[in-house]
> 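I have a structure I would like to understand better, so I am pasting it below and will then ask my questions one at a time.
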Amino acid sequence: MKKILLLLLLGLVSCSKDEYTPVERGNINYPSFDTSKMIGAWVYETMTFNGETFPYPHNPNCTKDVFGFFNTEGRRFLYDEIIHVNDECSVSQTNLEWKVNGDKLIFYFGEQLVLIYTVISIDDDYFIVRRIADFNDDGIEDTLEIKAKREDPFGWFN
C-alpha cells in the first residue's frame, strides 16, 4: 500500500498538464482562504483516492513524512517536503516555490509549473487539498484528496 501511495505522491511532482495562466501580481492573489495558516509544518494523515480513504502509511521506523510552507527572510514562498522511501529512512526531498491564486495552490520549480492543488479547507490543525487528474493513465480522471495535520517532527518552526 505504501508503495502505491508513494508512487501517487511522487507522480504529483512530475510536470503538470493543467491549463494555467501564470500569476502576474506576486505570490498571493485573491486568496479564498487564510494563507497565513499554511505557514508551518504538516504531516500527511489520510489520502482519499476516488472516494476511498486510507491512512497515510508513515514508516514506523522513521520520522513522519512532512511538508512545510515557509515565508520568512531568506525563505520567501518556499515549500519543502520530506518523504521516507524505504525502511532505512532514506528520503526523497522536494523544494519548490509556492503561490496562491484564489483557491489554487500552485508549485513551481524555477519558471516551470510543477503542480496545482485546489485548497478544500485549512484551519489551525488540518489542511485538505484536492487534485483531479488521470493518475493511473486509464483515460478516466481520478480524484485525490490529501489531509494533513499540523505537526513539526523536524523542528523546522521551533
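Heads up: numbering here begins at 1 and tracks the sequence.
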> Apply the ring pair (Phe, Tyr, Trp, His ring centres under 6.0 Å) test between Phe127 and each candidate in Tyr44, Tyr117, Trp42; give the one that qualifies.
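Exactly one candidate clears the test, Trp42.
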> Is the backbone N or O of His58 less than 3.5 Å from a side-chain atom of His84, with the two atoms forming a donor-acceptor pair by type?
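No; judged by distance alone, with no hydrogens or angles, the pair does not exist.
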> Applying disulfide bond (SG atoms under 2.5 Å apart) as the test, list every pair that has at least one member in residues 75-117; sequence neighbours left out.
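Non-adjacent pairs meeting disulfide bond (SG atoms under 2.5 Å apart): Cys62-Cys89.
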> Which residues pass the side-chain hydrogen bond (donor to acceptor under 3.5 Å, both in side chains) test with Arg75, not counting sequence neighbours?
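Arg75: side-chain hydrogen bond (donor to acceptor under 3.5 Å, both in side chains) contacts with Asp80.
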> To check you understand the geometry: which heavy-atom pair defines the closest contact between Met47 and Leu144, and what is its length?
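Closest heavy-atom pair between Met47 and Leu144: CE-CD1, 4.0 Å.
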> Under a 4.5 Å side-chain heavy-atom rule over Ile, Leu, Val, Met, Phe, Trp and Tyr, are Val129 and Phe135 clustered together?
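Val129 clusters together with Phe135.
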> Is the count of non-hydrogen atoms from other residues, nucleotides or ligands lying under 6.0 Å from Glu111 atom CD greater than 12?
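Check fails, neighbour count at 12 or below.
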> Can you confirm whether or not the ring centre of Phe54 sits under 6.0 Å from the ring centre of Phe49?
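Phe54 vs Phe49: aromatic centres not under 6.0 Å.
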> My understanding is that only residues two or more places apart in sequence, or in another chain, count here; which of them pass side-chain hydrogen bond (donor to acceptor under 3.5 Å, both in side chains) with Asp125?
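Here no residue qualifies.
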> Please check: side-chain N/O of Asp152 versus main-chain N/O of Phe157, any donor-acceptor pairing under 3.5 Å?
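Present.
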> Members other than Ile128 in its cluster, when Ile, Leu, Val, Met, Phe, Trp, Tyr link by side-chain heavy atoms under 4.5 Å?
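Hydrophobic cluster check, Ile128: joined to Ile120.
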> Restricting to salt bridge (Lys or Arg N to Asp or Glu O under 4.0 Å), what partner residues turn up for Asp124, sequence neighbours left out?
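So Asp124 forms a salt bridge (Lys or Arg N to Asp or Glu O under 4.0 Å) with Lys37.
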> For Phe70 together with Phe77, are the ring centres under 6.0 Å from each other?
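No, ring centres 6.0 Å or more apart.
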> Do Glu88 and Asn61 make a side-chain contact, defined as non-hydrogen atoms from C-beta onward lying under 4.5 Å apart?
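No, their side chains stay 4.5 Å or more apart.
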> I want to check something: taking the side chain as every heavy atom from C-beta on, are Asn71 and Arg76 in contact at a cut-off of under 4.5 Å?
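In short, these two side chains touch, coming nearer than 4.5 Å.
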> Apply salt bridge (Lys or Arg N to Asp or Glu O under 4.0 Å) to Glu151 and list each qualifying residue two or more places apart in sequence or on a separate chain.
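Testing Glu151 for salt bridge (Lys or Arg N to Asp or Glu O under 4.0 Å), a comparison that skips the adjacent residues, returns Lys64.
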